[in-house]
Amino acid sequence: MGEAVSTAHKHSLQTAGIVAGTALTLNVVFFVMSGMYFADKPQQAADIGSVRVAFAVMSLLVATLSYAASFAPKVVGHGLASAIGLASVVGGLAAFSASMQMTMGFTLLVSGVLLNVLVAYSLKGSRPAWSFLISILAVLATVTFFGAPKIRHVMGIGLWTAMIIPGLQVVAVVALVMIRGDYRNRL
């Protein structure tokens, strides 16, 4: 029994070290690269601090949830998918109230409701719901990754703040893929 606890503790420390090391390395690289980028843009140099903070928040959030997903992938994957679905519903309602294109409002509403329905069925053990949930989240992550500049402009936020959305979607996809064994023999 004691050896199993020691092995679990060792695994936890190794995972934490890898996640923390990766996040720290990315932040150091971003710090250096952002300094070089803003060196050529003196009119935007005042933004460097907020850009670095936004990147640090994004990387810390993704790293923390990645670490949590290594121990509770079912909870993290389904929880993030549900939160993304709820945020999509709120975004859809906000799009309607802001007189934006109806297509955007309907897309956000439908995808938000669909994500939460798929989460409910996936938690009941439905393999089709689980796989479709992964597919939808992967597509949303791709779209929001490449659409982050537009999201940044529409919402009036920084680019790295907008990148939190696809970062969390990728964590949800990876967490859900980690539990594939739970759905192997299900219909």
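Predicted, not measured: the structure shown is a model, and the values here were computed from it. The figures here come from the full heavy-atom set of this structure, side chains too, leaving out hydrogens, waters and symmetry mates.
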For the atom pair [atom1] ([X]) and [atom2] ([Y]), what is the distance rounded to the nearest 0.5 Å?
{"X": "Ile151", "Y": "Ile157", "atom1": "CD1", "atom2": "CD1", "result": "7.5 Å"}
{"X": "Ile18", "Y": "Thr22", "atom1": "CD1", "atom2": "OG1", "result": "7.0 Å"}
{"X": "Leu140", "Y": "Ile165", "atom1": "CG", "atom2": "CD1", "result": "10.5 Å"}
{"X": "Leu123", "Y": "Leu118", "atom1": "CG", "atom2": "CG", "result": "11.0 Å"}
{"X": "Thr107", "Y": "Met102", "atom1": "OG1", "atom2": "CE", "result": "11.0 Å"}

Please report the shortest heavy-atom distance between [X] and [Y], naming the atom on each side.
{"X": "Arg184", "Y": "Arg127", "answer": "O-NH1, 2.9 Å"}
{"X": "Pro166", "Y": "Ala141", "answer": "CB-O, 3.6 Å"}
{"X": "Leu137", "Y": "Ala172", "answer": "CD1-CB, 3.9 Å"}

Determine whether Leu176 and Val76 make a side-chain contact, defined as any pair of heavy atoms from C-beta on separated by less than 4.5 Å.
no

Any pair counted as side-chain hydrogen bond (donor to acceptor under 3.5 Å, both in side chains), so long as it reaches residues 152-163, sequence neighbours left out:
none

Contact list for residues 131-149, test side-chain hydrogen bond (donor to acceptor under 3.5 Å, both in side chains), sequence neighbours left out
Thr144-Gln169

Does anything in residues 115-149 form a ring-ring contact (aromatic ring centres under 6.0 Å, His included)? List the pairs, not counting sequence neighbours.
Trp130-Tyr183

If hydrophobic clusters are built from ILVMFWY residues whose side chains come within less than 4.5 Å, do [X] and [Y] share one?
{"X": "Val113", "Y": "Leu93", "result": "yes"}
{"X": "Ile179", "Y": "Ile134", "result": "yes"}
{"X": "Val75", "Y": "Val177", "result": "no"}
{"X": "Met163", "Y": "Val143", "result": "no"}
{"X": "Met36", "Y": "Val29", "result": "yes"}

Please table the atom pairs, donor to acceptor, closer than 3.5 Å between any side-chain atom in residues 52-74 and protein atoms at least two apart or in another chain.
unit_1: Arg52; atom_1: NE; unit_2: Ser34; atom_2: OG; d: 2.9
unit_1: Arg52; atom_1: NH2; unit_2: Phe31; atom_2: O; d: 2.9
unit_1: Arg52; atom_1: NH2; unit_2: Ser34; atom_2: OG; d: 3.4
unit_1: Ser59; atom_1: OG; unit_2: Asn27; atom_2: ND2; d: 2.7
unit_1: Ser59; atom_1: OG; unit_2: Phe55; atom_2: O; d: 3.1
unit_1: Ser59; atom_1: OG; unit_2: Ala56; atom_2: O; d: 3.1
unit_1: Thr64; atom_1: OG1; unit_2: Leu60; atom_2: O; d: 2.7
unit_1: Ser66; atom_1: OG; unit_2: Val62; atom_2: O; d: 2.7
unit_1: Tyr67; atom_1: OH; unit_2: Ser12; atom_2: OG; d: 2.6
unit_1: Ser70; atom_1: OG; unit_2: Tyr67; atom_2: O; d: 2.6

Let me have the donor-acceptor pairs involving side chains of residues 80-90, under 3.5 Å, with sequence neighbours excluded, atom names and distances please.
unit_1: Ser82; atom_1: OG; unit_2: Asn116; atom_2: OD1; d: 2.7
unit_1: Ser88; atom_1: OG; unit_2: Ile84; atom_2: O; d: 3.0

Besides Val170, the hydrophobic cluster formed by Ile, Leu, Val, Met, Phe, Trp and Tyr side chains linked at under 4.5 Å, directly or via other members, contains Val174, Met178

